Visitor: 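The structure follows.
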Amino acid sequence: MSHELLAPEAALRLILAECTALPAENCALDDALGRVLAEAVIAPEALPPFDNSAMDGYALAGGSEPLPAGSEWLIEGEQAAGDGASRARHGAWEIMTGARVPDGLDRVIAVEQTERLDAPPRVRLKAAVAAGDNLRRAGSDVAQGVAVLAAGILLAPNHLMLLAALGVARVRVATRPRLAVLCTGRELVDAAGAALAPGQIRNSNGPHLAAALPRAGAELVHRETVGDEVEAFLAAFARARDAGARVVISTGAVSMGRYDFVPEALQQLGATAIFHKLAIRPGKPLLFARLPDGTLFFGLPGNPIAVAVGLRFFVEPALRTMLGLPHEVPWRVSLTADYAKKPRLRFHLKARVAMDAQGGLSAQVLEGQESYRIRSLTEANAWAVIPLEANTLAAGSLVEVYGPSHLHSPDFGGSHA
Ligand SMILES: Nc1nc2c(c(=O)[nH]1)N[C@H]1C(S)=C(S)[C@@H](COP(=O)(O)OP(=O)(O)OC[C@H]3O[C@@H](n4cnc5c(N)ncnc54)[C@H](O)[C@@H]3O)O[C@H]1N2
Ligand code: MOO
């Protein structure tokens with residue numbers, strides 16, 4: 001048997017070569033959170049839409065010289081937020097924050113810098129006020145017709161604030177890749193409350209993938225647990241495709257065991273195996289294939305951390321390409337302690353990134369790296385990736401660090417220290 005395993009970088013290139021950006025679709029603003037913008041947004045309106053006051057006070061007109069402190073102005077009208085257009089003659093207008101400035105006026109003085117006088121109603125300035133003071137000009141935030149958001153942006157609440165302010169009702173977003181998850185193994189029990197018979201375990205990969213995939217930008221269209229038989233797997237696979245899946249992810253049954261039937265099932269489907277087994281830990285037996293109809297297939301090894309690594313480092317990059325997102329750039333963070341590993345495999349380590357008082361980042365490789373250990377994953381906030389050829393790294397060495405998903409950076413809160 002050859003010991004030359006495919007390098008993970010080469011595997012990723014093979015995966016990405018099979019992926020193309022999905023077409024754009026319309027999306028109402030209310031549904032747009034977390035979607036990827038497929039086309040730049042051009043501002044349909046100016047923001048603010050009209051000149052308005054930044055203060056509660058008095059709007060006035062004048063020339064290029066400031067109106068001096070001590071000058072008095074007759075009060076000609078009042079303008080509150082929501083009032084329509086009005087035209088000033090020459091006096092002062094009492095004005096509220098956000099109110100449209102009456103035509104002909106060009107500055108605002110805050111109410112606390114004025115004194116109100118009666119008979120006739122007038123205002124005395126306690127400070128000078130220059131042209132443009134306390135005015136928010138139409139279009140000063142966003143001019144009508146300019147590009148405000150670029151394609152490829154992941155829409156966050158801040159973006160929705162801007163789009164709502166501009167009156168954008170729908171946006172063009174990347175269609176979410178439709179995925180199905182098939183968990184294999186007759187040892188698996190799905191019902192959380194059910195008693196375990198001897199030899200049974202609970203299905204944890206299914207809930208993990210079902211939670212992680214939507215957060216990674218995918219739409220989960222089908223999820224099923226099957227035993228160790230090819231026929232049951234093929235039937236589940238057919239249901240996944242009927243549900244519209246263009247990517248099918250399975251867990252388990254890709255290694256060397258007697259019941260590791262996934263490669264055989266794929267053969268029966270007429271699939272082209274693109275690779276099987278990578279120079280990585282965990283997750284070495286990962287399998288990637290393409291079906292005759294173009295459906296992509298990831299066979300993730302069954303160990304829970306092998307599933308997490310397969311998702312994070314191979315499925316998520318594929319999702320990025322389908323969503324039209326650029327390749328991810330990892331952080332580079334120094335290790336808190338020496339680290340030693342075998343060469344010839346790239347390691348993906350559960351890690352905890354912390355920030356010190358000076359803002360410096362460090363990455364601690366957590367105890368319990370074995371691929372069956374789930375608990376340490378919950379203590380991790382990041383993945384540290386140690387290259388294939390490395391064997392020993394001294395404390396302080398920079399390593400590549402990836403967030404918990406391609407759309408989420410490490411969260412420093414909730415420290416377990
Ligand atoms: N002789 C060899 N044995 C194994 C090798 C090898 O190279 N030679 N590789 C090991 C590695 S590495 C991995 S990873 C696993 C992958 O095996 P499979 O993909 O065939 O997965 P299974 O055998 O079905 O399961 C492995 C393990 O994970 C548990 N599991 C499976 N599904 C779930 C689930 N949905 N939720 C929770 N846990 C699950 C399963 O019970 C097993 O304990 O193979 C090694 N063996
Ligand atoms: O590489 Mo496997 O994922 O260790 O258990």
Side-chain angles (χ1 to χ4, degrees), residues 1-8 11 179-192 194 196-213 220 222-230 232-233 236 240 248-267 273 275-289 297-315 341-350 365-378 380 383 385-386 388:
M1 190 183 84
S2 162
H3 289 280
E4 275 304 307
L5 291 166
L6 182 63
L179 265 66
V181 168
L182 307 179
C183 291
T184 74
R186 67 188 185 91
E187 73 275 31
L188 300 179
V189 172
D190 274 319
L196 295 179
Q200 289 187 324
I201 61 162
R202 301 190 190 281
N203 180 1
S204 54
N205 291 333
H208 173 245
L209 288 171
L213 287 166
L220 188 64
H222 186 73
R223 178 180 153 198
E224 200 170 331
T225 304
V226 294
D228 295 324
E229 306 81 29
V230 172
F233 181 83
V248 176
I249 301 176
S250 73
T251 68
V254 287
S255 187
M256 309 287 286
R258 188 184 299 280
Y259 302 102
D260 293 340
F261 62 85
V262 164
E264 185 194 328
L266 287 174
Q267 255 182 9
F275 61 76
H276 186 188
K277 298 198 170 91
L278 300 181
I280 60 170
R281 173 168 294 171
K284 186 168 87 172
L286 199 151
L287 186 158
F288 178 62
F297 177 81
F298 290 88
L300 304 184
N303 279 317
I305 309 308
V307 167
V309 164
L311 170 68
R312 183 65 186 87
F313 293 95
F314 299 95
V315 177
K341 77 167 192 36
K342 282 202 276 190
R344 293 198 296 276
L345 294 178
R346 189 175 82 182
F347 275 40
H348 307 80
L349 302 169
K350 304 162 202 166
V365 173
L366 297 176
E367 294 291 317
Q369 290 294 335
E370 296 94 328
S371 66
Y372 75 94
R373 288 186 189 268
I374 303 174
R375 185 175 170 185
S376 49
L377 187 67
T378 68
W383 295 100
V385 175
I386 314 291
L388 197 118

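Numbering of ligands and ligand atoms starts at 1, following listing order. All values below come from the heavy atoms of this structure, side chains included, with hydrogens, waters and symmetry mates left out. Model, not experiment: these values are computed from the prediction.
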Visitor: Are Phe288 and Phe314 an aromatic pair, judged by ring center distance below 6.0 Å?
Guide: no
Visitor: Counting heavy atoms only, which part of Val307 comes closer than 4.0 Å to ligand 1: side chain, backbone, both or neither?
Guide: neither
Visitor: Can you measure from CG (Leu188) to CD (Gln200) and round to the nearest 0.5 angstrom?
Guide: 9.0 Å
Visitor: Look at the rings of His348 and Phe313 and say which category their plane angle falls in: under 30° parallel, 30 to 60° tilted, over 60° perpendicular.
Guide: tilted
Visitor: Give a yes or no on whether Phe275 atom CZ has more than 12 heavy-atom contacts from other residues, nucleotides or ligands under 6.0 Å away.
Guide: yes
Visitor: Begin from the C-alpha positions of Arg281 and Lys341 and carry the test side chain to side chain contact (heavy atoms under 4.5 Å, CB included) through to its verdict.
Guide: CA-CA 11 Å; Arg281 173 168 294 171; Lys341 77 167 192 36; over 6 Å; no
Visitor: Among all the protein's non-hydrogen atoms, which is closest to atom 40 (C) of ligand 1, and how far away is it?
Guide: Glu187 OE2, 3.2 Å
Visitor: To which protein heavy atom is atom 12 (S) of ligand 1 closest, and what is the distance rounded to 0.1 Å?
Guide: Pro285 CD, 4.0 Å
Visitor: Polar-atom distance check: Gly206 versus ligand 1, any N or O pair below 3.5 Å?
Guide: no
Visitor: Determine whether a donor-acceptor pair (N or O, by modelled atom type, separation under 3.5 Å) exists between the side chain of Arg202 and the backbone of Ala192.
Guide: yes
Visitor: Is there at least one pair of N or O atoms, one from Ser255 and one from ligand 1, spaced under 3.5 Å apart?
Guide: yes
Visitor: Can you report which non-hydrogen protein atom sits closest to atom 27 (C) of ligand 1, along with the distance?
Guide: Asn303 OD1, 3.1 Å
Visitor: Students should be able to answer this: which protein heavy-atom is nearest to atom 35 (N) of ligand 1, and at what distance?
Guide: Asn203 OD1, 2.8 Å
Visitor: Look at the side chain of Ser250 and the backbone N and O of Cys183, then say whether any donor-acceptor pair between them is shorter than 3.5 Å.
Guide: no
Visitor: Let me see the working for Leu377 and Trp383 under side chain to side chain contact (heavy atoms under 4.5 Å, CB included), right down to the final yes or no.
Guide: CA-CA 10 Å; Leu377 187 67; Trp383 295 100; 3.7 Å; yes
Visitor: For the side chain of Lys350 and the backbone of Glu367, is there at least one donor-acceptor N/O pair under 3.5 Å apart?
Guide: no
Visitor: Please indicate whether any nitrogen or oxygen in Ala253 is less than 3.5 Å from any nitrogen or oxygen in ligand 1.
Guide: yes
Visitor: Using a 4.0 angstrom limit on heavy atoms, which residues are close to ligand 2?
Guide: Pro282, Gly283, Lys284, Asn303, Ala306, Ser371
Visitor: Measure the distance from atom 34 (C) of ligand 1 to every protein heavy atom, then report the residue, atom name and distance (to 0.1 Å) of the closest one.
Guide: Asn205 ND2, 3.0 Å
Visitor: Just wondering, do His208 and Ile374 contact through their side chains at under 4.5 Å, heavy atoms?
Guide: no
Visitor: What's the separation between atom CG in Leu300 and atom CZ in Phe297, rounded to the nearest 0.5 Å?
Guide: 8.0 Å
Visitor: Quick one: are Leu209 and Leu179 in side-chain contact, heavy atoms under 4.5 Å?
Guide: no
Visitor: Using heavy-atom distances, let me know which of Gly299, Ser371, Pro304, Gly302 sits nearest atom 25 (O) of ligand 1.
Guide: Gly302
Visitor: When you look for heavy atoms under 4.0 Å from ligand 1, do you find them on the side chain of Arg202, its backbone, both, or neither?
Guide: backbone
Visitor: Backbone or side chain, does any N or O of Pro301 fall under 3.5 Å from an N or O of ligand 1?
Guide: no
Visitor: May I ask you to identify the nearest protein heavy atom to atom 38 (N) of ligand 1, giving residue, atom name and distance to one decimal place in Å?
Guide: Ile201 CD1, 3.3 Å
Visitor: Which option out of Gly310, Gly252, Gly257, Ser204 puts a heavy atom nearest to atom 36 (N) of ligand 1?
Guide: Ser204
Visitor: Look only at the side chain of Asn203 and the backbone of Asn205, and say whether a donor-acceptor pair between them is shorter than 3.5 Å.
Guide: yes
Visitor: Hey, does Asp260 come in under 3.5 Å of ligand 1, counting only N/O atoms on both sides?
Guide: yes
Visitor: Kindly indicate, with the supporting measurements, whether the criterion side chain to side chain contact (heavy atoms under 4.5 Å, CB included) is fulfilled by Leu5 and Leu345.
Guide: CA-CA 9 Å; Leu5 291 166; Leu345 294 178; 4.0 Å; yes
Visitor: Considering only protein heavy atoms, which is closest to atom 8 (N) of ligand 1, and at what distance to one decimal place?
Guide: Met256 CG, 3.3 Å
